[in-house]
Amino acid sequence: MRFELSETQQLLQKTARQFLTNECPMAEVRKRMETDNPHDAALHKKMAEQGWTGMIFPEEYGGMALGMVELAATFEQMGRVLLPGAFFSTVALAGSILDAAGNPEQKAKWLTPICEGTALATAALIEESPEWETATWSATAKASGSGYVLDGKKMFVTDAATADFIVAAVKLSGELALVVVPANAPGLSVRALRSYDLTRRVSEVSFQGVNVGADHLLAKGAAAEAALHHGLNVAVLALTAEMAGGMARALEITTEYAKTRKQFDTVIGKFQAVQHLCADMYLWTESSRAAVYYAAYALDKRLPEADAAISVAKVYAGDSYREVGNRGIQVHGGMGFTWENDMHLFYRRAKASESALGETAYHRERLARLVIDAV
Amino acid sequence: MRFELSETQQLLQKTARQFLTNECPMAEVRKRMETDNPHDAALHKKMAEQGWTGMIFPEEYGGMALGMVELAATFEQMGRVLLPGAFFSTVALAGSILDAAGNPEQKAKWLTPICEGTALATAALIEESPEWETATWSATAKASGSGYVLDGKKMFVTDAATADFIVAAVKLSGELALVVVPANAPGLSVRALRSYDLTRRVSEVSFQGVNVGADHLLAKGAAAEAALHHGLNVAVLALTAEMAGGMARALEITTEYAKTRKQFDTVIGKFQAVQHLCADMYLWTESSRAAVYYAAYALDKRLPEADAAISVAKVYAGDSYREVGNRGIQVHGGMGFTWENDMHLFYRRAKASESALGETAYHRERLARLVIDAV
Amino acid sequence: MDLTLTPEQIQFRDELRAWLKANVPAPVPRGTEESMEQRFARLRVWQRQLFDAGWAGVSWPKDCGGRGASLLEQVIFLEEMARAQAPQMANTLGLGLIGPTIIHYGTQEQKMRYLPKILSAEEIWCQGFSEPNAGSDVAGIRSDGRLDGDHFVINAHKVWNSYGWVADWCALVVRTDPTAAKHKGLTYILVDMKSPGVEVRPIRQMSGESEFAELYFRDVRVPVANVLGKVNSGWEVALGTLMHERATLGSSITIVYRRMFDKLVAYTKNTIRSGRPLSEDKGIRQKLAQAYAELEVFRVAQLRSVARVSSTGVPGPEGSFLKIFWSEYNQRFQQLAQEIMGPYGTLEEGSPYAIDGGEWAYGFLRTRGNTIEAGTSEIQRNIIGHFVLGFPKSY
Amino acid sequence: MDLTLTPEQIQFRDELRAWLKANVPAPVPRGTEESMEQRFARLRVWQRQLFDAGWAGVSWPKDCGGRGASLLEQVIFLEEMARAQAPQMANTLGLGLIGPTIIHYGTQEQKMRYLPKILSAEEIWCQGFSEPNAGSDVAGIRSDGRLDGDHFVINAHKVWNSYGWVADWCALVVRTDPTAAKHKGLTYILVDMKSPGVEVRPIRQMSGESEFAELYFRDVRVPVANVLGKVNSGWEVALGTLMHERATLGSSITIVYRRMFDKLVAYTKNTIRSGRPLSEDKGIRQKLAQAYAELEVFRVAQLRSVARVSSTGVPGPEGSFLKIFWSEYNQRFQQLAQEIMGPYGTLEEGSPYAIDGGEWAYGFLRTRGNTIEAGTSEIQRNIIGHFVLGFPKSY
């Protein structure tokens, strides 16, 4: 039994860290986030060349067929540098749903370009009442001619503005259906929302009589529910891995500051109050990391506790990243409250992640069903 | 406008403090608490001589007709010394219900001996499901001959073992009724429960075909509900005042210890970690005190917000006393964990008070009805 | 203990309430296009209006343009202003901090010179205490004030300055005796912001706004007559100002926070999830009730503190716990709002679907400053430890 | 990353599980009349039974009576013991702390002399580290060990001693060079508790029990041969012991805590309030799920730490966060149980209506010791600050 990464996994992690530190310095992140579109196409292409866009997908579609632990190790590094743009929504969200829901032709058509880095994508799921039970969703697909026509509105769609296509969750004859909608389909409109995370944008996506071909239906009914379930587990795992990476970086920045900043004729890191704030940050960071890798392992091995492990990681990382941010800002004092200091960028990502893909209360309720009701 | 006590009130408070410090030292409390019956009859008599047993009751029954602020000021001092025994249940609980519910003859019969210090009493309210909505209670009184016969079981009755009579809340023809039951009535039995607070005992009280005269019925229906409502407000106020006093004393003991205990060649009170624990204790103590006196004032003046103010004080003091205890024990280190150290006696009182007269969750729900539903 | 108002206080309150009802300008909705300058000009007009009607400087001496009433009337004033949702007055620091300091330490000439124009908003004030290396450690000030004849020549770099961009005057603390011990050798001096050598640079906050600025003073000449209190006793004067900051801030805060609480309750009543209003969710009810309880406790603790200050005349170090209380309450409350609102809570000003114009997204981020500004929570706990509980200094 | 067990480990686990199933004695219900002595005798028999079957000292050297397996088998052993609700073994400190220290620092003679009898429970061990003035400050030990020929003459007063009343041997730390710096000059020495001059006095805890005692040593003569490690290097030996305390404790804790969690869930499902089981209350569901999440995170963080220790061989200071985690988790969890159980949660052993024999009332009070014993939370945070994050020492 070993909890640490294998040598290959460590190499992957190290490479990712080096690559991202070089290619995505904070100055670049800041430049990107001040624009309307934080996605960096050139960087995405380079990541595709590293094979990351296909990391977890089958080799026949251009992927590397690696596992969830490798996914977590890579996203952890992305979280450290606050990688802006659509990598997350393309690979972890839309890609993993496509992989689980599509037939070989569909995967060749949509998953292969994702692996190649030539297509960006996302998934449109929750609606105006931002609930994660699929039964609450009301956007529809109706059979129409040889295809389907879609109507409805989706909210908080991650990086919809840059997506080439969107996997939409709709109701088809009362059942859940997953449908691929090209971004340029007539009747599809995207309206930007302005939210905390400037490096990862969310939008409202409306479908007004959007026509798609029959081959755009990936799955419906139980198959759609299962594929979405899996895809969301993968996406939550990637998100929490990013969060663990963000916490680790925020802790580093904070301890570095506390070791140099002087007040009362001494570095503030000498004060117990400051050290204890940092010790709590350390506790949350290391604990979150353990939870994330365990969830990766459980998902990889399809252990019965995988769902619970994913929700545990989301609940814990959600509270932890926010609290790490709170204390990190507090240790920085006034500096931590300025735009120029990087702490708030991590904090904005923390808050956005906390409410993304199911808020903490939703995942707690999911756990309650698993550990109270199911017993 | 003045928030501080008036000179008369301050004098009362000072006298109470002196009296209780002299008459009820911690060694005495410890002696009492190790026995089956922590009530000290001689001390109760002395307190009656001070007029405290009749403090808030009308002069015609031997009382002093003072107000709620005076009540709070006195109980705060009692909380400081962890006064053991039945003063609280007799005066704040049974006495205040009697005062609100009884007719002049009934008050002459039962309230006068309370004021004189010759009778001890309590109230039997919640049942096996420990809920505070009177609608959930199921013990009954039935008309029988010229009086009533009582059946049912009451739980967590404060100091029932020493009571001369018990005010029982029962259902009479489906309505709430308050009935005085002499402790020696055949069919009444008291079984001691062993709970945290060794200075204030609770019992199970059973009524099995207990016969009482018609004059033992104090009130029923709306009048009973109103009297009980008032009596409980007074009792909660007294309880929270005690809690504020207990917090203040626990803080004193803790700061004294931290100023003398040495580790790492310095008094531990020099460490920020210790100071900050004590600062939190100070915040909770002073805030609780303000909440309690405001509740006393609101109840005294029968302000519309009196109910809310009482529940606010209970909610806040409940959390605060426990947290003051938690930190007080922590600052004491191993010493705080010993039987010989007084911290745990305050802590036991804190925990018992937190769950007495409506747990925190009950009072929060009461507040929710007042500030969410009623708006 | 008697919390009832005197007939005079009731009359004062009722008159004020009636006046405010008639005069408070219609609120400018969040997100309205308005420059900082336009907004400030609007607040300046509003203050002038209050001044002309005799409502500015309620507890200030009559001969300086004030009303000569007690601190309690001042508290009533702040509460009524908040209750009426009146805009704040333009000269916030002049009215709340620097004016009271001048009243306490100023000469008669200084009072007559500065106070009326503070009240009328004719002269706007800012304050220069914090420095890059003197934040929590206020006494660590390095700014240099060198005596040159009947002037001080000042070289200073101040941070976290509010209103500097519009201020006419600055209350500055500089080191005038570099050889003295840390807390000695400081001087509190009033500086004309139009003096040559003064520069103001905005600091952008994490919440996106620029409430604060950096101030640079380069060889700025200030007459010795502008010293408040004595030369080299600026620490004492500055401490007085800091105490005042704590004493009165809470009065309007409770009303503002209560309004936010009511808004959040309304949101839970109007928002349906799983077919029922959020206000019926037992978990949410418990948390809202908890927030209400805490806010009420803060209100009465603040009331108790004001009552004490108004009888003793001086705010004491025990007030530190109120600073901790409101700042940490507000952080908990805004986090609760975020939990209740979910992703909608993160939508900022200008976004479609932003709740209350993005007030909640802004409010949450802004709270992070609460436990830092006006003395960090750590400093407040140090103050309680040392000055209230009598422990040795821990810093 | 690979958390699967090897075939050998699975075989080990399955054999152990089968053995435990066949041999674990029926639990003695809480509240059964049983003296401390009777209880201990029972645990001693149980340990002997494990020893005879070859399950004691799983990771100890074979030539000392152990099984010679790795730390992971030891963890599996602890987990299976907890899972089977097996009683703990009598010689807790000998097995968990002192034995491993002897394995690491002892001479071959010492190993052969002491270890087998630790495993068989023939000799019970206790430990004497803390003193009235050396609690958190472990190096502040004043107990005196004066060399006299080939003996040390020991005068010591130790507190927070477990098992002293029944121990045959004590691992004692005394000051043997009073002139050396604080951390130098200490010696770790093994003392026969039957030596003349040893006295044991029980300390009663706030929870009512007497887990702990004070030890007095008056002119107790101990052969120099009983020193573990070198004279005057007892600090290093003691630190090793403290590290071991942290490394293995968590393994059984997670199982014990999980059982308590399951019991609490069962309570909420079986308890009706306002006509519905408590387990359907949304607020309670959220809190239980939160507790579950935290406990799971602790379990996997502990797993990660054990995996690391088993590959590096030494527990590091980073393990301090696990101590903070379980102790604070347990306090939160027991407080949650109190909230759910209301007044019933406060009923102690022997009371009518006490839930699970008073286990919850006891458990809650007992948790207050969790953040104090085995290094206070403050000390653990200091350790993380200094040794892990690299800040200057703050104490």
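Note on naming: letters A, B, ... go to the chains in the order of the sequence lines (proteins, then strands), and numbering restarts at 1 for each one.
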Completion exercise
For A/Arg249 and A/Arg80, the nearest pair of non-hydrogen atoms, with its separation, is CG-O, 3.4 Å
Exercise for the section: Examine the side chains of A/Tyr294 and D/Arg299 and answer whether a donor and an acceptor come within less than 3.5 Å of each other. Expected result: yes
Practice task
May I ask you to list the residues in residues 387-395 of chain D that approach chain A closer than 4.5 angstrom, counting heavy atoms only, ordered by number?
Solution key: D/Val388, D/Leu389, D/Gly390, D/Phe391, D/Pro392, D/Lys393, D/Ser394, D/Tyr395
Practice task
Tell me, out of A/Cys278, A/Gly67, A/Ala73, A/Ala309, who's got the most heavy-atom pairs with chain D below 4.5 Å.
Solution key: A/Cys278
Handout entry: D/Leu3 portion near chain A, given a 4.5 angstrom heavy-atom threshold
Key = both
Exercise for the section: Scan side-chain atoms only and decide if A/Asn341 and A/Tyr257 contain a donor-acceptor pair under the 3.5 Å cut-off. Expected result: no
Fill in the blank from the handout: Sorted by chain and number, sequence neighbours left out, side chain to side chain donor-acceptor pair (under 3.5 Å) with A/Ser355 holds for none
Exercise for the section: Would you please say whether a donor-acceptor pair under 3.5 Å links the side chains of D/Gln335 and D/Glu339? Expected result: yes
Handout entry: Smallest separation among heavy atoms of A/Thr15 and A/Gln50, with atom names
Key = CG2-OE1, 4.2 Å
Problem - Contact origin within A/Val274 toward chain D - heavy atom pairs under 4.5 Å - result: neither
Handout entry: A/Ser6 versus A/Gln9, side-chain donor and acceptor atoms under 3.5 Å
Key = yes
Completion exercise
So, the part of A/Gln272 with a heavy atom under 4.5 Å from chain D: the answer is both
Practice task
Give, as side chain, backbone, both or neither, the part of A/Asp373 having an atom under 4.5 angstrom from any heavy atom of chain D.
Solution key: both
Practice task
Would you please say whether a donor-acceptor pair under 3.5 Å links the side chains of D/Thr371 and D/Glu328?
Solution key: no
Problem - Considering all heavy atoms, the nearest D/Ser327-D/Asn370 contact - result: CB-O, 3.4 Å
Problem - Sorted by number, residues from residues 260-268 of chain D in contact with chain A (heavy atoms, under 4.5 Å) - result: D/Phe261, D/Val265
Handout entry: Heavy-atom proximity to chain A below 4.5 Å, by part of D/Glu378
Key = both
Handout entry: Side-chain donor-acceptor contact under 3.5 Å, A/Thr136 with A/Glu131
Key = no
Completion exercise
Okay, A/Ala295 and chain D: the region with an atom under 4.5 Å from a heavy atom over there is neither
Exercise for the section: Select one option (side chain, backbone, both, neither) describing which atoms of A/Arg366 are under 4.5 Å from chain D's heavy atoms. Expected result: neither
Handout entry: D/Glu73-D/Ser70 side chain donor-acceptor pair, cut-off 3.5 Å
Key = yes
Handout entry: By side chain to side chain contact (heavy atoms under 4.5 Å, CB included) - contacts of A/Ser320 (at least two apart)
Key = A/Met247, A/Trp284, A/Ser288, A/Tyr316
Problem - Under 4.5 Å from a heavy atom of chain D, the part of A/Val69 involved - result: side chain
Handout entry: Heavy-atom proximity to chain A below 4.5 Å, by part of D/Leu303
Key = both
Completion exercise
Assert top hit (heavy-atom pairs under 4.5 Å, partner chain A, pool D/Glu296, D/Lys287, D/Lys269) equals D/Lys269
Exercise for the section: Taking all heavy atoms of D/Tyr329 and all of D/Ala291, pick out the closest pair and write down the distance. Expected result: CE1-O, 3.4 Å
Problem - Pair D/Glu294, D/Gln290: side-chain N/O donor-acceptor within cut-off below 3.5 Å - result: yes
